[in-house]
K.L.:
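Please see the structure below; I have some questions.
What you see below is based on every heavy atom in this structure, not just the backbone, and it leaves out hydrogens, waters and symmetry mates. Whatever order the structure lists them in is the order used to number ligands and atoms, beginning at 1. All residue numbers in this chain count up from 1 along the given sequence.
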Amino acid sequence: MKKGYFGQFGGQYVPELLMPPLLELEEAMRSFMPGEEFKKELRVLLHSYAGRETPLTLCPALSARLGFNLWLKREDLLHTGAHKVNNTLGQALLAKYMGKTALVAETGAGQHGVATAAAAARLGLACTVFMGEEDVERQAPNVQRMRLLGARVCPVGSGSKTLKDAINEALRFWIAEQRTTHYCFGTAAGPHPFPTLVRDLQSVIGQETIRQSREIFGRLPDVVVACVGGGSNAIGMFYPFVLLNEDAGAGKTGGKVRLVGTEAGGTGEPGCYSSASLNLGAPGVLHGQHTMLLQDKDGQILPSHSVSAGLDYPGVGPEHAYFKQTGAVEYAVVVDSRALAAFAALCRSEGIIPALESAHALAWVLDNAASLPRGGQVVVNLSGRGDKDMDIIRKCLPELCG
Ligand SMILES: *Cc1c(COP(=O)(O)O)cnc(C)c1O
């Protein structure tokens, strides 16, 4: 495969001025990340600071109702409340190895901004976070968290004043400050090498899940489900399984694991903009990559919408576009109302408040239970916890909040 591409997707569609820092980053990945010193330092950070490894939790009540064992990979238990810290700690550490003194990042819902600010504080790096003006207003508690952690939050007033525009501003800032600054990109998307870098840092999720499945129920799961925004938690969960499935396809090991990514369908009404770029989008170029995008017939990017702000990205990581094309992973659309129903079910049945993003993955399992193997093993990646979603929950599920 061509370097930096996943089939026809990926690449580096960037201004000439961005090529030097992208090449520098690629070289740093090659020279530092495979080294024992880097790997050990990251392992210690992930364990003693972020809280890895995360458990694989059985849901007894839901399992009894569904007729198979439902397991949750508990990324919600990590420091800052989601899988994002796996990526930000890795990139912050790499930045230090590169001799950088600062991080710049974009954020939409604010979760990646908080995870970046925490990693920067921990590793002694300065931190600047670009955030659309609209999001600064909607996500005030996360803005406060970033500032508490020492980050400078820069509101972006251009375009739709949301994530897409914050990414453009962060890329521009990086061009100017590349000597001192690393761009800590928030998901497995953007120009090469970010999709590969973020995938490799998040693959710890899938690697642990494989090990824990073998330990706890003696084999690989039948089905693994994860939600897809930009695609980082899903690619981190799926990638190690895709490699095993390729071996299985070559006849080297046992049966294949079914992998399902869930995109956010918004309200599901006609004319509503969803975030389902893989299922409803078309190929195009955004943020330095060739991938599947939500766009109108003139190629204008459409505003994305979902009840979960973290899934609101009009594009998707290029490797997911490739896995959809090859059939390595299936991608389904889950609408707001089904995610909310799954959210409620997990709160009341298992005593776990999931992020609304993660509830999209759970909803697919609950709504497709009849077609899943009876007595089987099904894993949902619980990408984050739901404390951040209380305002929306109060509005959408008032009966649950008393
Ligand atoms: C940010 C976020 C997502 C979406 O991002 P991906 O890169 O697609 O993983 C999903 N779940 C939670 C909890 C998040 O915070």
Side-chain angles (χ1 to χ4, degrees), residues 54 72-88 90-91 105-116 118 129 131 135 139 141-142 145 162-163 166-167 184-190 194-195 197-206 225-239 260-264 275-278 287 289 291-292 304 306-321 323 329 331 334 339 342-343 346 352-364 380-389 392:
T54 61
L72 303 176
K73 180 60 174 161
R74 300 294 305 282
E75 297 300 290
D76 62 311
L77 293 178
L78 288 175
H79 180 46
T80 66
H83 67 289
K84 288 194 168 72
V85 76
N86 300 322
N87 174 41
T88 60
Q91 290 203 45
E106 82 295 340
T107 197
Q111 296 298 109
H112 175 60
V114 170
T116 304
V129 180
M131 189 173 190
D135 291 329
Q139 314 288 346
N142 274 339
R145 283 184 194 110
T162 58
L163 176 61
I167 294 176
C184 183
F185 199 76
T187 189
F194 284 112
L197 172 60
V198 178
R199 177 198 72 199
D200 289 352
L201 291 171
Q202 292 291 3
S203 287
V204 65
I205 302 173
V225 189
C227 65
V228 178
S232 70
N233 86 87
I235 207 78
M237 176 57 104
F238 294 159
Y239 188 67
V260 182
T262 59
E263 296 192 285
S275 306
S277 357
L278 288 166
H287 300 139
Q289 65 197 317
T291 189
M292 297 296 284
S304 58
S306 155
V307 68
S308 62
L311 298 180
D312 268 351
Y313 180 56
V316 64
E319 198 164 18
H320 285 294
F323 285 159
V329 180
Y331 295 90
V334 172
F343 175 94
L346 196 66
I352 296 171
I353 301 175
L356 276 171
E357 292 85 356
S358 324
H360 284 73
L362 181 65
W364 185 88
V380 166
N381 194 26
L382 205 73
S383 53
R385 63 174 183 234
D387 307 48
K388 67 184 179 55
D389 295 321
I392 299 168

K.L.:
For the CG atom of L311 and the OG1 atom of T262, what is their distance to the nearest 0.5 Å?
P.N.:
7.5 Å
K.L.:
Under 4.0 Å from a heavy atom of G384: which atoms of ligand 1 are those, numbered in the order shown and with their elements?
P.N.:
13 (C)
K.L.:
Would a 4.5 Å heavy-atom cut-off, applied to side chains only, mark T107 and T116 as touching?
P.N.:
no
K.L.:
Among protein heavy atoms, which sits nearest to atom 11 (N) of ligand 1, and what does the distance come to when rounded to 0.1 Å?
P.N.:
S383 OG, 2.8 Å
K.L.:
Is the distance between the ring centroids of H287 and F194 less than 6.0 Å?
P.N.:
no
K.L.:
Atom 1 (C) of ligand 1: which of Q202, K84, Q111, E75 has the nearest heavy atom?
P.N.:
K84
K.L.:
Nearest non-hydrogen contact with atom 10 (C) of ligand 1 belongs to which option: E263, H360, M237, E357?
P.N.:
E357
K.L.:
List ligand 1 atoms under 4.0 Å from T187, heavy atoms only on the residue side.
P.N.:
6 (P), 7 (O)
K.L.:
Which atoms from ligand 1 have a heavy atom of C227 less than 4.0 Å away?
P.N.:
10 (C)
K.L.:
For S232, take its heavy atoms, then give the atoms of ligand 1 lying under 4.0 Å from any of them.
P.N.:
6 (P), 7 (O), 8 (O), 9 (O)
K.L.:
Below 4.0 Å from ligand 1: does a non-hydrogen atom of K388 turn up there or not?
P.N.:
no
K.L.:
May I ask you to check whether N86 and Q202 show a side-chain donor-acceptor distance below 3.5 Å?
P.N.:
yes
K.L.:
G230 versus ligand 1: do any nitrogen or oxygen atoms come within less than 3.5 Å of each other?
P.N.:
yes
K.L.:
Is G229 in polar range of ligand 1, meaning some N or O pair under 3.5 Å apart?
P.N.:
yes
K.L.:
Is it the side chain (CB and beyond), the backbone, both or neither of H112 that lies under 4.0 Å from ligand 1, heavy atoms counted?
P.N.:
neither
K.L.:
Identify the closest protein heavy atom to atom 4 (C) of ligand 1: which residue and atom is it, and at what distance?
P.N.:
G310 O, 3.3 Å
K.L.:
Could you pull out, from T80, N233, V228, V198, the option with a heavy atom nearest to atom 9 (O) of ligand 1?
P.N.:
N233
K.L.:
Will you find, in the side chains of N233 and E357, an N or O donor that is under 3.5 Å from an N or O acceptor?
P.N.:
no
K.L.:
Verify, without hydrogens or angle tests, whether E263 (side chain) and L278 (backbone) share a donor-acceptor contact under 3.5 angstrom.
P.N.:
yes
K.L.:
Using side-chain heavy atoms (C-beta onward) and a distance below 4.5 Å, is T162 in contact with D312?
P.N.:
no
K.L.:
What orientation do F323 and Y239 show, parallel under 30°, tilted 30 to 60°, or perpendicular over 60°?
P.N.:
parallel
K.L.:
Is the contact between A355 and ligand 1 made by the side chain, the backbone, both, or neither, using heavy atoms and a 4.0 Å cut-off?
P.N.:
side chain
K.L.:
Can you spot which of K84, Q91, H83 makes a side chain to side chain donor-acceptor pair (under 3.5 Å) with N87?
P.N.:
Q91
K.L.:
Does G231, backbone or side chain, put an N or O under 3.5 Å from an N or O of ligand 1?
P.N.:
yes
K.L.:
Other residues, nucleotides and ligands only: do more than 12 of their heavy atoms fall within 6.0 Å of CD1 on I353?
P.N.:
no
